[in-house]
Amino acid sequence: MKVLSVVRAFGVLSVGLALALPVRAQVKVDPKLADYKPVGAVSGNLKSIGSDTMNNLMALWGEGFHKIYPSVQIEIEGKGSSTAPPALIEGTAHFGPMSREMKQAEIGKFNAKFGYDPMPLQTSIDMLAIYVHKDNPIESLTLQQVDAIFSNSRKAGYPKNIQTWGDLGLKGEWASKPISLYGRNSASGTYGFLKEHVLLNGDYKDAVKEQPGSSSVVQGVASDKYAIGYSGIGYKTADVRAVPLAKTAKSKPIAAAPENAYTGQYPLSRFLLIYVNYKPNNQLDPLRREFIKYVFSKQGQQDVIKDGYFPVTARIAAKALTAVGIEENVASGEAKSK
């Protein structure tokens, strides 16, 4: 479990995504996003508890925010998305980053205490990648095959259990080699996302080597020639390869490339979320308000690109700001609280 402390300063998308985002040949920040403009003296402490997938991203936002407000300190704790809801309920965190949506039971517990639901903000776009070693010749996989690789339940309907690379059609030295499985633990939103959207809530195989963080999954695959694992696209390195995925055997495999995230063609695209305790029709305190404004500014979304994820459009940013009582004028770059 990893805790990032910026002492000086301080994530289901594929359904309907094509309607929300335009096709772009290159990843660029939407020019209609506002530049972040300092508002004067802002100070205090903030704490973020939640997704490991978003650890580095939260740190980048924290560092950028600190350059503007040196008196602000933010502590970032990434132990998995499932740690975000209780932290928000107990008041031990100001922000709850998640790589999955909150479950109804989690929302229910929050509502039971506060009388309203937690507010999810769509901060950025991730592609959940299926990684293999860079020397692995596999060309593509279907979601049904991925299910049969990681789960004995095989709820997606693949006809047989997949245990060796030969079961996937590889020849020569690969044919008899067992597939070494790397994944996350049950506290992870990435674990839950794959379980829901690929395993169809089937059980993971006991052979999966559960890792404490996203980067350790990629490191495991990089050091094990016959391995396969899953993690966010922001953790991709030169030592692994993201395998193109097809929804079915009759579908075209889609690469984990930016243009396929924006169109929604890549089958495992998702929003990375920050949940906030926001009471409807009220104002956020200045510290949380300004941090959220930074996240959805040009500078904040440039941090998204820097971390290997994909920025949201000005329209999505404006919707998020409005949801927490911040009116954003994207044309002039001015923001104000209701």
Side-chain angles (χ1 to χ4, degrees), residues 1-4 6 11 13-14 27 48 50-63 76-84 97-100 123-136 138 141 146 149-150 180-195 197-198 204 208-225 227-245 254-258 260-261 266-274 301-312:
M1 293 181 286
K2 184 179 182 182
V3 177
L4 288 181
V6 185
L13 180 67
S14 54
V27 181
S48 166
S51 169
D52 169 81
T53 297
M54 296 178 68
N55 244 15
N56 293 341
L57 187 51
M58 292 297 298
L60 285 172
W61 285 328
E63 290 165 2
I76 302 165
E77 184 175 306
K79 298 180 180 178
S81 293
S82 66
T83 63
M98 298 185 70
S99 60
R100 62 165 174 81
T123 68
S124 48
I125 299 157
D126 180 26
M127 306 172 87
L128 180 57
I130 304 299
Y131 290 113
V132 295
H133 190 274
K134 63 181 177 61
D135 296 331
N136 191 313
I138 195 78
L141 292 168
V146 175
I149 290 169
F150 283 97
S180 183
L181 305 175
Y182 287 80
R184 295 294 311 281
N185 55 41
S186 60
S188 162
T190 302
Y191 170 107
F193 185 92
L194 193 80
K195 181 179 175 70
H197 294 279
V198 179
Y204 282 94
V208 177
K209 301 176 183 69
E210 293 188 350
Q211 304 298 306
S214 300
S215 62
S216 55
V217 171
V218 175
Q219 290 167 9
V221 174
S223 63
D224 185 343
K225 185 177 179 180
I228 193 168
Y230 59 89
S231 187
I233 197 64
Y235 287 85
K236 187 178 184 295
T237 70
D239 297 318
V240 297
R241 189 165 59 85
V243 182
L245 300 178
I254 304 296
N260 297 326
Y266 185 75
L268 297 181
S269 297
R270 59 180 178 172
F271 280 115
L272 296 179
L273 308 164
I274 289 180
Q301 291 300 300
Q302 191 62 51
D303 290 337
V304 170
I305 296 174
K306 187 184 300 183
D307 200 32
Y309 298 113
F310 311 116
V312 295

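Since the structure is predicted, the reported quantities are computational estimates derived from the model, not experimental observations. These values consider heavy atoms only, across backbone and side chains, with no hydrogens, waters or symmetry-generated copies.
Between Asn136 and Ile138, the shortest heavy-atom distance links the atoms OD1-N, 2.9 Å. For the pair Ser223 and Gly220, the tightest heavy-atom approach, listed with the atom from each and the gap, is OG-O, 3.1 Å. Scanning both residues, Ser231 and Thr190, for their nearest heavy atoms gives CA-CG2, 4.5 Å. Shortest non-hydrogen contact noted between Arg270 and Gly232 is NH2-CA, 4.4 Å. Here the shortest heavy-atom pairing between Gln211 and Lys209 reads NE2-O, 3.2 Å. Across every non-hydrogen atom of Ile233 and Tyr131, the tightest pair is CA-OH, 3.3 Å.
Among residues at least two apart or in separate chains, salt bridge (charged side-chain N to carboxylate O under 4.0 Å, His left out) pairs with a member in residues 183-195 are Asp52-Arg184, Lys195-Asp203.
Considering CD1 of Ile274 and OG of Ser124, their distance stands at 8.0 Å, rounded to 0.5 Å. For the atom pair OH (Tyr191) and CG (Asn185), the distance works out to 8.5 Å, reported to the nearest 0.5 Å. Separating the CZ atom in Arg100 from the OG atom in Ser81 is a distance of 6.0 Å, to the nearest 0.5 Å. Separating the CZ atom in Arg241 from the NZ atom in Lys236 is a distance of 9.0 Å, to the nearest 0.5 Å. Rounding to the nearest 0.5 Å places CG of Asn55 at 9.0 Å from OG of Ser215.
Residues satisfying the side-chain hydrogen bond (donor to acceptor under 3.5 Å, both in side chains) criterion with Lys225, sequence neighbours excluded, are Glu173. With sequence neighbours excluded, the residues forming a side-chain hydrogen bond (donor to acceptor under 3.5 Å, both in side chains) with Asp224 are Ser180, Tyr182, listed by chain and number. In this view, Val208 and Phe150, Leu181, Tyr204, Lys205 satisfy the side chain to side chain contact (heavy atoms under 4.5 Å, CB included) rule, not counting sequence neighbours. For Thr83, the side-chain hydrogen bond (donor to acceptor under 3.5 Å, both in side chains) criterion is met by no residue, not counting sequence neighbours. Among residues two or more places apart in sequence or in another chain, the side chain to side chain contact (heavy atoms under 4.5 Å, CB included) test is passed with Thr237 by Val218, Asp239, Val240.
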Under the side chain to side chain contact (heavy atoms under 4.5 Å, CB included) criterion, do Thr123 and Trp61 qualify, and how do the steps go? CA-CA 11 Å; Thr123 68; Trp61 285 328; 3.6 Å; yes
Verdict with supporting geometry, Tyr230 and Val217, side chain to side chain contact (heavy atoms under 4.5 Å, CB included): CA-CA 7 Å; Tyr230 59 89; Val217 171; 5.7 Å; no
Go through it in stages, so that I can follow the logic: the residues are Ile149 and Ile130, the test is side chain to side chain contact (heavy atoms under 4.5 Å, CB included), and I'd like the CA-CA distance, side-chain angles, deciding distance and then a yes or no. CA-CA 11 Å; Ile149 290 169; Ile130 304 299; over 6 Å; no
Output side-chain donor-acceptor pairs under 3.5 Å for residues 304-312, partner residues at least two apart or in another chain, one line each.
from	atom 1	to	atom 2	distance (Å)
Asp307	OD2	Leu57	N	3.3
Tyr309	OH	Thr53	O	3.2

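Checked by atom type and distance alone, the side chain of Tyr266 pairs as donor or acceptor with a backbone atom of Leu128 at under 3.5 Å.
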